[in-house]
Each structure stands twice: as C-alpha cells, then as structure tokens.
Protein chains: 2
Amino acid sequence: MPIAANDPGCAPPRCAACAARDTSVCASFADRELTALHGIGRRRMLKAGQVLIWAGDPAAVCANLVSGVLKVVREDPDGRAQIVGLLFPGDFVGELFVEQARETVVALVDADLCLYSRRALEPVLAAQPGAEGLLLRRALGTLAEARRWMLMLGRRHAPEKVAAFLLDMHRRLGVGDRVDLPMGRGAVGEVLGLTIETVSRQMTALKAAGLIALPGGRQVRLLDRAALARIAG
Amino acid sequence: MPIAANDPGCAPPRCAACAARDTSVCASFADRELTALHGIGRRRMLKAGQVLIWAGDPAAVCANLVSGVLKVVREDPDGRAQIVGLLFPGDFVGELFVEQARETVVALVDADLCLYSRRALEPVLAAQPGAEGLLLRRALGTLAEARRWMLMLGRRHAPEKVAAFLLDMHRRLGVGDRVDLPMGRGAVGEVLGLTIETVSRQMTALKAAGLIALPGGRQVRLLDRAALARIAG
DNA sequence: CGGAGGCTTGATGTAGTTCAATCTCCGTGG
DNA sequence: CCACGGAGATTGAACTACATCAAGCCTCCG
C-alpha cells in the first residue's frame with residue numbers, strides 16, 4: 001500500500017477528511033482517480049427513520065455510508081417485513097446493475113452518506129481497474145453473511161436468535177461490555193424473524209438469568225458473553 | 001458480441017462443446033483467452049449424494065457447473081442443516097478469496113463440473129478484464145436471491161413456503177406442467193426451514209385441494225399454477 | 001401534568017415440531 | 001416369480017414454541 005496513494009495532499013478535501021475513505025470502495029482509488037468519483041458524488045444527511053430508497057422505485061442512487069446505521073428491508077405483498085441487511089460505516093449502499101430497487105433502505109439512526117447517481121457511478125467503476133474486484137469481494141462477504149443469517153432464520157429458536165443478535169451487535173458497535181442498539185425491539189424482531197413480544201420476553205429472560213443488564217433505552221450490557229455464546233450455539 | 005469471440009474453431013475442443021460455455025463465467029472469455037482457463041481446469045463427474053466441498057476444509061477448488069444440481073449447505077454445531085443455495089448448470093461453484101470453506105457442497109443428482117484450483121483460478125480472473133465484473137453481477141444476483149429467501153424463511157408460513165418452492169423449481173426445471181424435483185422431501189425441508197413431515201403434509205394438502213398431482217417418485221404436476229401463486233403470495 | 005410511543009407482561013390460541021407407526025415403492029435374492 | 005428388506009414418504013397423536021390479542025407500564029417531552 002504505497003503512501004502516496006492516500007496522500008491527503010492531492011485528494012479532494014472532502015474525501016481526504018472522509019471517515020470512510022479507507023474502508024469504503026473509495027479505498028481502491030488513488031487520490032488522482034478519486035477526483036472522478038468525487039465529481040459525481042454529493043454528501044447527504046439522513047435523519048433516523050428517513051427513507052433513502054423505496055423498494056419498487058427506479059434504482060437511481062448508490063452511496064457509501066460514512067456514518068450511522070441503515071437497514072435493508074424486504075416486504076411481502078401483504079406487508080410482512082424482513083430486514084435482510086444492516087449497513088455500517090464504510091458499507092456500500094444500493095443496488096448496481098438493476099433498474100428497479102428490490103429493497104427499501106432506511107436510516108435507523110442519523111446517518112451521513114456520500115451519494116452517487118447509479119448511472120454515473122457504474123461507468124466510473126468499470127473504468128477503474130480493481131474497483132469491480134473490490135466490490136466483488138465485498139459482495140461475496142455480504143453473501144456469506146446473508147447465508148449465515150439464513151441458517152439463523154430457518155433453524156434457530158428464539159433464545160438462540162436473540163443471544164446471537166446481541167453478540168453480533170456488540171461485535172460491531174460494542175464499547176466495553178456495552179452496546180447501544182441502533183434500533184428498537186420491533187426492528188430487532190424484523191431482523192430475527194420474531195415478533196416484538198417474543199424479543200422482549202427473551203431479553204427479559206436473559207436479564208433475569210443475569211446474562212445481560214438493561215440500563216434503559218436501547219442500551220444493553222453483556223454481563224456474561226461466554227454464556228450468551230453458548231446459547232447462541 | 002463479435003461472432004469471432006465464440007468461434008468454436010479456435011476454442012479448446014472441450015470448451016467449444018461445453019453446454020455451459022455461454023452461460024458460465026467462461027462467457028466473458030474469448031476463445032483465445034479461454035485456453036488459459038482450459039489449461040488449469042479439468043472435468044469431474046459427481047454421483048448424486050457425493051460431496052464436492054466440505055465446510056471447514058481448506059477452500060481449494062472452484063468450478064463451473066455444467067450439468068446437474070448441487071446444494072449448498074450450512075450447518076450448526078449441533079447438526080441442524082439449512083440449504084442456503086441451489087446451483088444449476090452455468091452457475092459458479094465454490095468460494096473465492098477465502099481460505100476455509102464455510103459451506104458444504106453436495107450433488108443432489110448426477111452432475112458434471114469443470115473444476116479449477118482456486119489458487120490458479122484467482123489470478124486468471126484478475127488478469128482477464130471483465131471477468132471480475134461478470135462475477136460481480138452474478139454475486140449480486142445470488143445475493144438478491146438469498147435475500148428473497150430470507151424473507152421466506154423469516155416471515156412465511158409452511159403453505160406459502162411449499163407453494164413458492166414448487167413454483168420456483170418449476171420455473172427452473174419444469175417441462176409443461178411437470179417438475180422432477182432434484183431432491184427428496186428431507187432436502188425440501190432443509191431448503192424451506194421445515195421438517196420433512198411438514199413438507200409432506202403440505203404436499204398432501206395441495207394434492208387434496210387439486211392444485212398439484214404426485215404421480216410418484218419426485219415428480220410433481222402443477223395443475224393450478226395461478227392458485228399456487230396466490231398461496232405463495 | 002398529561003399523553004404518546006415504545007416496552008413489558010399476561011392469557012390464550014395454533015402452526016409446526018416431535019415421536020412413533022405404517023405405508024409405498026423398488027431393488028435383491030431365494 | 002414372489003418374498004423380503006430397506007429407504008423414503010405418509011399419517012397420526014401429543015406437545016411446545018411462538019404468535020396473537022389485550023392490558024398495563026415506564027419515560028420522555030410538550
């Protein structure tokens with residue numbers, strides 16, 4: 001990794017200061033080429049709850065997530081919703097190479113993105129050697145994660161699901177033994193394929209067993225991670 | 001698409017005759033470049049039930065599926081299994097860029113593959129412009145499919161799952177109103193996150209309702225696809 | 001203080017699992 | 001040729017995990 005490639009001196013200032021500069025797709029771009037990407041991108045803030053992409057709409061935009069957490073949701077004709085992905089800083093947002101969005105993307109907490117028109121982005125990616133390779137690696141990683149998730153949805157019981165979810169969130173967002181969940185009980189249910197009541201009961205059970213504490217709000221303290229891991233399987 | 005690119009005259013004979021020549025990743029290779037790929041590939045036959053890749057083993061091989069159907073399985077520590085993917089002719093088999101296989105790959109029926117060492121394949125793909133882009137498109141397609149599947153696993157009831165599965169299989173393998181399922185009831189359960197008994201009961205119910213017929217073995221006739229689609233949602 | 005949104009708790013219902021027995025279809029061998 | 005055996009499929013009965021329906025309960029903010 002040559003130092004010059006990421007030398008802030010010649011990258012567009014907004015990119016040089018970007019928190020996701022080295023973890024997003026942009027990492028495959030040297031500062032020189034970054035200018036092309038910069039030219040077609042713009043910053044966008046999302047408030048918690050705001051929708052970025054509606055399933056069914058034309059797939060017009062992609063983005064790099066700079067800060068915040070987004071959910072990717074699939075919905076039934078009859079309204080049952082399943083969260084099929086969570087996006088964290090550095091993740092790529094949106095669907096390439098399709099005309100119609102299949103998934104709704106919503107901010108779970110206030111978020112910050114670097115937004116691109118899909119039409120403009122695709123040729124830039126194709127022209128930049130290595131960019132599609134990088135996206136391929138990411139996509140394969142996301143696929144592996146989705147499949148792990150499928151095993152959970154199809155085969156595991158509520159206690160295992162909740163324990164696994166808490167450990168997962170802690171791995172991504174935890175500080176010490178604490179996690180501040182970026183979502184309410186309802187959305188946790190949408191992630192795990194459970195109802196809000198079942199999630200709530202499982203959390204209470206874990207608290208009663210002394211494995212977690214619920215200091216209030218969306219905060220969780222994982223008091224016995226080993227035991228949680230044992231439950232998660 | 002220039003005619004010369006796929007001129008059988010200068011492709012390696014095995015590739016020129018390959019049933020998957022134009023649907024697999026090979027389609028991104030002109031005949032000239034195909035020779036490099038051909039050089040590192042070898043044919044392999046799999047009997048129904050044979051395992052190609054064991055989860056946990058070093059990820060040594062990838063392949064193009066030429067004929068047959070494979071299942072991709074994830075397993076719990078305690079043995080519960082979930083099929084997370086089905087592979088059909090033209091599909092890419094195996095995991096790139098990882099050292100350890102996360103999924104077991106098994107032939108559901110007799111299958112025919114074009115096998116590559118992963119170590120040898122990766123550089124060839126990187127060198128061939130467009131190959132990684134093609135794989136990216138495929139990977140994104142597979143991801144979208146996995147997410148559709150997640151919605152099914154998390155949110156749908158047994159009757160909807162079975163109806164949707166039958167329509168899906170018919171779309172891929174059907175001739176007229178018939179499908180010959182490439183798997184038994186047990187594996188259908190592993191796909192849908194159900195037990196073998198529940199699958200069997202649902203099938204009997206559909207038969208009783210006159211929506212399907214079960215002529216025997218793994219054959220199914222879809223007598224009322226509109227009604228099935230209505231159940232599938 | 002009051003009211004709304006999200007969370008918890010309880011009571012009841014039910015879809016799907018589990019356990020177990022029987023059946024069907026085929027291939028094998030007497 | 002038919003009897004036997006085995007694997008997969010079906011069917012039944014009982015159970016249980018989770019959903020559903022329905023109150024109540026915090027807690028944050030106007």
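Because the structure is a prediction, the values reported are computed rather than measured. All chains are named by letter (A, B, ...) in the order of the sequence lines, taking the proteins before the strands, and each is independently numbered beginning at 1.
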Write down the distance between [atom1] ([X]) and [atom2] ([N]), rounded to a whole number of angstrom.
{"X": "A:Lys161", "N": "D:dC18", "atom1": "NZ", "atom2": "P", "value": "8 Å"}
{"X": "B:Ile196", "N": "C:dT24", "atom1": "CD1", "atom2": "P", "value": "17 Å"}
{"X": "B:Ile212", "N": "D:dT10", "atom1": "CD1", "atom2": "C1'", "value": "13 Å"}
{"X": "B:Arg218", "N": "D:dT10", "atom1": "CZ", "atom2": "P", "value": "12 Å"}
{"X": "A:Glu190", "N": "D:dA19", "atom1": "CD", "atom2": "C1'", "value": "16 Å"}
{"X": "A:Arg201", "N": "C:dT12", "atom1": "CZ", "atom2": "C1'", "value": "11 Å"}
{"X": "B:Leu108", "N": "D:dG8", "atom1": "CG", "atom2": "P", "value": "13 Å"}
{"X": "A:Leu214", "N": "C:dC7", "atom1": "CG", "atom2": "P", "value": "11 Å"}

**Asked** Which part of the nucleic acid does A:Gly189 contact within heavy-atom distance under 4.0 Å: base, sugar-phosphate only, or nothing?
**Response**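 No contact.
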**Request:** Please step through salt bridge (Lys or Arg N to Asp or Glu O under 4.0 Å) for the pair B:Arg80 and A:Glu160, ending with a clear verdict.
**Result:** CA-CA 13 Å; B:Arg80 290 170 291 184; A:Glu160 315 175 59; 2.6 Å; yes
**Request:** By nearest nucleotide on DNA chain C, pick out whichever of A:Glu197 and A:Arg155 is the more 5' one.
**Result:**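 Nearer the 5' end of the strand: A:Glu197.
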**Prompt:** Taking atom CZ of B:Arg172 as the centre, does the number of heavy atoms from other residues, nucleotides or ligands within less than 6.0 Å exceed 12?
**Reply:**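 Yes.
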**Message:** C:dT9, OP1 or OP2 - any side-chain N/O from A:Thr204 closer than 4.0 Å?
**Reply:**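 Yes, such a contact exists.
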Which listed nucleotide ([options]) is nearest to the side chain of [X]?
{"X": "A:Thr195", "options": "D:dA19, D:dC18, D:dA9", "value": "D:dA19"}
{"X": "A:Leu194", "options": "D:dA19, C:dG10, C:dG16", "value": "D:dA19"}
{"X": "A:Ser200", "options": "C:dG16, C:dT8, D:dA13", "value": "C:dT8"}

**Asked** Testing B:Glu103, B:Gln82, B:Glu190 for side chain to side chain donor-acceptor pair (under 3.5 Å) with B:Arg74, which one passes?
**Response**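 Of the listed options, the one satisfying the test is B:Glu103.
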**Request:** Please tell me if the side chains of A:Val72 and B:Arg147 come closer than 4.5 Å, counting only heavy atoms from C-beta onward.
**Result:**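 Yes, at least one pair of side-chain atoms sits under 4.5 Å.
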**Message:** With salt bridge (Lys or Arg N to Asp or Glu O under 4.0 Å) as the criterion, how do B:Arg155 and A:Asp76 come out once you've worked through the C-alpha distance, each side chain's angles and the decisive distance to 0.1 Å?
**Reply:** CA-CA 9 Å; B:Arg155 289 300 177 198; A:Asp76 254 10; over 6 Å; no
